[in-house]
Amino acid sequence: MARDYNFQEIEQKWHREWVQNRTYRVVEDTNRKKFYVLNMFPYPSGAGLHVGHPLGYIASDIYARFKRLQGFNVLNPMGYDAYGLPAEQYAIQTGQHPEVTTFANIDRYREQLDKIGFSFDWNREVRTCDPGYYKWTQWAFRKMFDSYFDTKQQKAQPISLLVRHLEQHGTEGLNASETESLNFTAQEWAAMTEQQKSETLMNYRLAYVSEMMVNWCPGLGTVLANDEVVDGVSERGGFPVEQKKMRQWCLRVSAYAQRLLDGLETIEWSESIKETQRNWIGRSEGTEVEFRIADSDQTFTIFTTRADTMFGVTFMVLAPESELVDLVTTDDRREEVDAYIKYVKGRTERERMIDHKVTGVFSGSYAINPFTGEKNPIWISEYVLAGYGTGAIMAVPAHDSRDYAFARHFNLPVIPLIEGADVSEESYDAKEGVVCNSPRPDVKPYIDFSLNGLTVKEAIAATKKYVEEHKLGRVKVNYRLRNAIFSRQRYWGEPFPVYHKNGIPTMVPEECLPVLLPEVENFKPSETGEPPLGNAQLWAWDEVNRKVVDKALIDEKTVFPMELNTMPGFAGSSAYYLRYMDPKNNDALVSPEADQYWQNVDLYVGGSEHATGHLIYSRFWNKFLFDLGISCKEEPFQKLVNQGMIQGRSNFVYRIQGTNTFVSLGLKDKYDVTPIHVDVNIVKNDVLDIEAFKAWRPEYADAQFELEDGKYVCGWAIEKMSKSMYNVVNPDRIVEQYGADTLRLYEMFLGPVEQSKPWDTNGIDGCHRFLKKFWQLFWDKDGRLQVDDSEASAENMKSLHKLIKKATADIETFSYNTTIPAFMVATGELAQQKCRSRRVLEPLVVLIAPFCPHIAEELWQALGHETGVCDARWPELDEAFLVESSVKMPVQFNGKVRFTLEFPTDASKEDIEKETLANEQSQKYLSGMQVVKVVVVPGRIINIVVKPNN
RNA sequence: GCCCAGAUGGUGGAAUCGGUAGACACGAGGGACUUAAAAUCCCUUGGCCAUAUCGGCUGUACGGGUUCGAGUCCCGUUCCGGGCACCA
């Protein structure tokens, strides 16, 4: 009896063994080199895993197993991003506690993950909603509250240093990232009340409360960070988002803008993700120039990246929200300006984003251009944003398309400043060319300064220098990166370790952490922004007993109300990779020893959709912890691989309109048909299982089917994998039918890991067939192991070492989709060679172990090993076995032989040809063959085409 | 509009340093075994031409260029995907 590849039995057996033997437990071992592999941890949704989720996990698991076989001590942990909106939405609908549904989902995920055979060390699992975990989220927040950013040293410092500076010098000489520029003396600081001091420090803290315009989403009842808003609607749910002034907790992410930008140069991420982050950070180097308001002592500052265009300014524009608006509006213009401001306020962010109407109003005042002495009218328009730069611009219509549109609309002058630039139809925005009209030849120069004849680049530099020397302004770098709004008006998130003592936000002492999420009756947020924690009874801080108490006990002296907001989703996911290093430590986020050993993540695998969210926040968070000395590496994720999405492949049946008859794909064009999604699980190779279809949709039980060649062929389309399209493929089903090893192999075989691709069940048989063939390599037809200690032939060794070379190189670069064909070829060759040698077959088992750990374990054991295959050693490549392959003559190669041999470059073609044909090695391959054609190039000989002599 | 990445058979995709395309798999067609089916095995499979054996031409989105040689490098164009977007 032949021995079948019984994958179900094998896989279940090894899952048990791995648990019993704690095969994948990892401990720090300073004698071994570490390697840290990490997947972005999942949010456990109610729908469970579909076939797309494990893609990244499989890819990283292969890498982790590969590194382990190479002798590294590999950390490959897994956990759950358990706080979040869907669990809470579900709780509101069903009244179930989010913890209950979240835990149920986690169990379901775990069950599904376990079937696929990952090498995760579950002993290190983390859950963001676990108090032992979020203690450290609260702790980090507390540290941020107690820190400011020193712009000179470019690092976080204790706020106490800043307080000392204020006490001694006021704001004089202060180098700190700030919300707005403040100016006060040490005396003024000393005179402030406690509350004023608290307010003032909020201007500098890395975690701070501030009254600000926020993205308010009434549909979700919470504020959102910029990256959670897409096209004016919420990323989750697609509810409209409006701008609203609210008092919110924020993180001063912008302080780290430059370091976030610089750090990108030191990490191995895809260029597109780095570019996305660069865009998001949006560094722009420019100049701030002060303009005096005519007939006034007041000045205001504008920001420009085109300092070379100072002589082309024809008007100024203020953002409608600018505080200067009131100042510059003259009495005769007031009514019109007020009407305009009212109009702008009535427009939503979304409206402003979608249609760029040219609107604006003249304020009545003029500003004096310090380079020309001219009076430029000051306008107010919504196209200037309050939040960027200074909220005021100088308009140069000749060289800025927005200014141009405005000037044309309101009939303002346009002065071209670049030789040959035609601005009759549109502005000339390019930063190229030679400057002219600066100053204009027909105008008497106002100052002794000219840019004429310089290139744009030179002119910018010259103007910057002039501005600095004459104290007209300063060189300034602006960033688009905004501070992150850190509070949410939701229940299912980390509570803030904050109470409000007489209006002063105060931190719960470090040793009292964690502050536990209180129970509430009603999880529902309100449309007005009152958070659900307002419903919690046990939610006040007792300063004397240092604990959370019933809010009925609130008094003016010792018991105060707690903060009602909770933290956003990115809070818990920002430092989780550090926690995996030391997940059970109750005294520190991570011990210095563990951090020193594991350093940072060597390989991080996850989706690119987190480019401007999680991947920015966790870099920021880690840089902060680096400044504190908690994390020894400034960048958390050294190498990043973005796995693509697996799309669904939907199937359709075609119903003739108004009838109960379905026609096969090839016949549908003859009729007027309606395509109907059909469950892909009752379709095989695009052929519909008609009986299953009738059972699935009872309303079509009596339907007629028009077949082609006796089959009903379905149409197909590539769509997002989702329930409503009936195209969800559940990994459990694949595991059941083909086994986890086939699933793992097939997901990798489907195409490059980084690429999005549709799930196509049609191809899975090929991978399964390969595993069967691989299995058969080891057993004779009576089911006995047919591996012996015989010598391996040169051919055997060549097949093996070709594979070693390919697999080693490919796994290192994540090119799994090309490794698998190499396995197929090698297996085919060895089968043909009837290879029995342990010297070949044993390394072969090790080579396949990262991909298919179950079958590898089983064979490894059958080969008589006591310990598991994951403790084996990755086979060494011996190039000696490949030497002959430099002269390739594949069996089915149409008689073509390819050589690469070195010759002196001055050798003639004839000499090369003659010598090559006489060459010993060539002779071996050319004997018995007749040379048809030789293609020679100087230095090399490329092709020799031969055919058999007879 | 700006930035990034890409385009190869019926399909997914190989070709890793510029070396003479299409690995591997799917699908399709033909055949063997079988009462039949499943499973398994063998052959063919970019296109066109051919005496269908030998072989020839053509071919990696399109148009040019560099090179003895280009899917690969350079310039331009088209199309698809992703990001940013009144950011001065």
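Order of the sequence lines fixes the chain letters, A, B, ..., with proteins taken first and strands second; residue numbering starts at 1 for each chain. In this text, all values refer to a predicted model and were calculated from it rather than measured experimentally.
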Please list each protein N or O that sits under 3.5 Å from an N or O in nucleotides 36-41 of chain B, with the distance.
none

Requested in this report: Using the side-chain hydrogen bond (donor to acceptor under 3.5 Å, both in side chains) rule, take A:S427 and A:H399 through it: C-alpha gap first, then chi angles, then the decisive distance, then the call.
Outcome: CA-CA 5 Å; A:S427 61; A:H399 303 292; over 6 Å; no
Query raised in the report: Excluding sequence neighbours, so at least two apart, what forms ring-ring contact (aromatic ring centres under 6.0 Å, His included) with A:Y816?
Result: A:F814, A:F851
Query raised in the report: Can you check B:C17 for me, syn or anti if syn means within 90° of 0?
Result: syn
**Report entry** Nucleotide B:C84, atom P - distance to CG of A:N226 in whole Å
**Finding:** 11 Å
Report task. Quickly work out the A:L264 CG to B:C4 C1' distance and round it to whole Å. Result -> 14 Å
Report summary line: A:A319 and A:V384 have their tightest heavy-atom pair at CB-O, 3.2 Å
Requested in this report: Using a cut-off of strictly less than 4.0 Å between a heavy atom of the residue and any atom of RNA chain B, enumerate the qualifying residues of residues 818-833 of chain A by number.
Outcome: A:T818, A:P821, A:M824, A:V825
**Report entry** N-glycosidic conformation, B:G82 - syn within 90 degrees of 0, else anti
**Finding:** anti
Query raised in the report: Starting at the 5' end of RNA chain B, which residue's closest nucleotide do you reach first, A:S815 or A:Y383?
Result: A:S815
Report task. Please name all residues satisfying side chain to side chain contact (heavy atoms under 4.5 Å, CB included) with A:T808, sequence neighbours left out, ordered by chain then number. Result -> A:F66, A:Q70, A:I804, A:W874
Query raised in the report: Using the P atom in both, what is the distance from B:A61 to B:C57, to the nearest Å?
Result: 22 Å
Query - Upstream residue (5' side of RNA chain B) when A:G389 and A:I764 are each assigned their closest nucleotide - result: A:I764
Query raised in the report: Given that both distances must come in under 3.5 Å, which nucleotide forms a Watson-Crick or G-U wobble pair with B:U67?
Result: none
**Report entry** Spacing of A:L743 atom CG relative to B:A25 atom P, expressed in whole Å
**Finding:** 20 Å
Report summary line: A:E271 has its side chain closest, among B:C4, B:A88, B:G12, to B:C4
Query - Protein-nucleotide distance (A:D400, atom CG; B:A85, atom C1'), rounded to Å - result: 13 Å
Query raised in the report: When all nucleic acid strands are considered with a 4.0 Å heavy-atom cut-off, which category describes A:R482: base, sugar-phosphate, or nothing?
Result: base
Query raised in the report: What interatomic distance, in whole Å, is found between C1' of B:G18 and the corresponding atom of B:G31?
Result: 42 Å
Report summary line: Residues passing the side chain to side chain contact (heavy atoms under 4.5 Å, CB included) test with A:V475, sequence neighbours excluded, are A:K464, A:E468
Requested in this report: Provide the Watson-Crick or G-U wobble partner of B:A23, both distances under 3.5 Å; none if there is no partner.
Outcome: none
Report task. Determine the interatomic distance between C1' on B:A25 and the same-named atom on B:C79; round to the nearest Å. Result -> 28 Å
**Report entry** Separation of atom CG in A:L417 from atom P in B:A88, rounded to whole Å
**Finding:** 18 Å
Query raised in the report: Excluding sequence neighbours, so at least two apart, what forms salt bridge (Lys or Arg N to Asp or Glu O under 4.0 Å) with A:D227?
Result: none
Query raised in the report: In chain order, what residues pass the ring-ring contact (aromatic ring centres under 6.0 Å, His included) check against A:W775, with sequence neighbours excluded?
Result: A:Y5, A:W779
Report summary line: Winner on side-chain proximity to A:R480, out of B:C84, B:A25, B:G13, is B:C84
Report task. Figure out the CD/P separation between A:E754 and B:G6, and round it to whole Å. Result -> 11 Å
**Report entry** Of A:L451, A:V289, A:T287, A:V396, the residue whose pairing with A:M310 passes side-chain contact (heavy atoms from CB on, under 4.5 Å)
**Finding:** A:V289
Requested in this report: Could you check which nucleotide pairs with B:A50 in any of the strands shown, counting Watson-Crick or G-U wobble with both distances under 3.5 Å?
Outcome: none
Query raised in the report: Reckon A:D810 touches a base, only the sugar-phosphate, or nothing at all at heavy-atom distances under 4.0 Å?
Result: base
Report summary line: Correct closest heavy-atom pair for A:N376 and A:N369 would be OD1-CB, 3.6 Å
Report task. Just jot down the side chain to side chain contact (heavy atoms under 4.5 Å, CB included) partners of A:P758, sequence neighbours excluded, or say none. Result -> A:Q647, A:I718
Query raised in the report: Touch check for A:L750, heavy atoms < 4.0 angstrom, all strands: base, sugar-phosphate only, or nothing?
Result: sugar-phosphate
Requested in this report: Would you indicate which nucleotide in B:C4, B:A88, B:A14 comes nearest to any side-chain atom of A:N817?
Outcome: B:A14
Query raised in the report: When you compare B:C73 with B:U60, how far apart are their P atoms, in angstrom units rounded to a whole number?
Result: 15 Å
Requested in this report: Applying ring pair (Phe, Tyr, Trp, His ring centres under 6.0 Å) between A:H768 and each of A:F774, A:Y746, A:F749, A:F7, report the one that passes.
Outcome: A:F7
**Report entry** Partner set under salt bridge (Lys or Arg N to Asp or Glu O under 4.0 Å) for A:E235, not counting sequence neighbours
**Finding:** none
Query raised in the report: B:U35 and B:C42: how far apart are their P atoms, nearest whole angstrom?
Result: 22 Å
Requested in this report: Show the numbers, then the answer: is there a side-chain hydrogen bond (donor to acceptor under 3.5 Å, both in side chains) between A:T301 and A:E288?
Outcome: CA-CA 6 Å; A:T301 307; A:E288 283 187 354; 5.4 Å; no
Requested in this report: Could you tell me which nucleotide pairs with B:A39 by Watson-Crick or G-U wobble geometry, both distances under 3.5 Å, or answer none if nothing does?
Outcome: none
Query raised in the report: Base, sugar-phosphate, or nothing: which does A:P752 touch, judged by heavy atoms less than 4.0 Å apart?
Result: sugar-phosphate
Query raised in the report: Taking protein heavy atoms under 4.0 Å as touching, what does nucleotides 72-83 of chain B look like 5' to 3' if B marks base contact, S marks sugar-phosphate-only contact and - marks none?
Result: -----------B
Report task. Sticking with atom P, work out how far B:C74 lies from B:G19, rounded to a whole angstrom. Result -> 15 Å
Query - salt bridge (Lys or Arg N to Asp or Glu O under 4.0 Å) partners of A:E290, counting only residues at least two apart - result: A:R474
Requested in this report: Write down the distance separating the P atoms in B:G9 and B:G63, rounded off to the nearest Å.
Outcome: 15 Å
Report task. Once you apply the 3.5 Å cut-off to both distances, tell me the Watson-Crick or G-U wobble partner of B:U77, or none. Result -> B:A61
Query raised in the report: In whole Å, what is the span from the OH atom of A:Y404 to the C1' atom of B:C86?
Result: 17 Å
Requested in this report: Both distances under 3.5 Å, Watson-Crick or G-U wobble: report the partner of B:A28, or none.
Outcome: B:U44
Query raised in the report: Roughly how many Å is it from CD in A:Q755 to P in B:U8, rounded to a whole number?
Result: 10 Å
Query - Nearest-Å distance once atom C1' is located in both B:A7 and B:A85 - result: 26 Å
**Report entry** Results of side chain to side chain contact (heavy atoms under 4.5 Å, CB included) for A:P752 - residues two or more places apart only
**Finding:** A:Q755, A:N817
Query raised in the report: Do any side-chain nitrogens or oxygens of A:Y388 fall under 4.0 Å of OP1 or OP2 in B:A88?
Result: yes
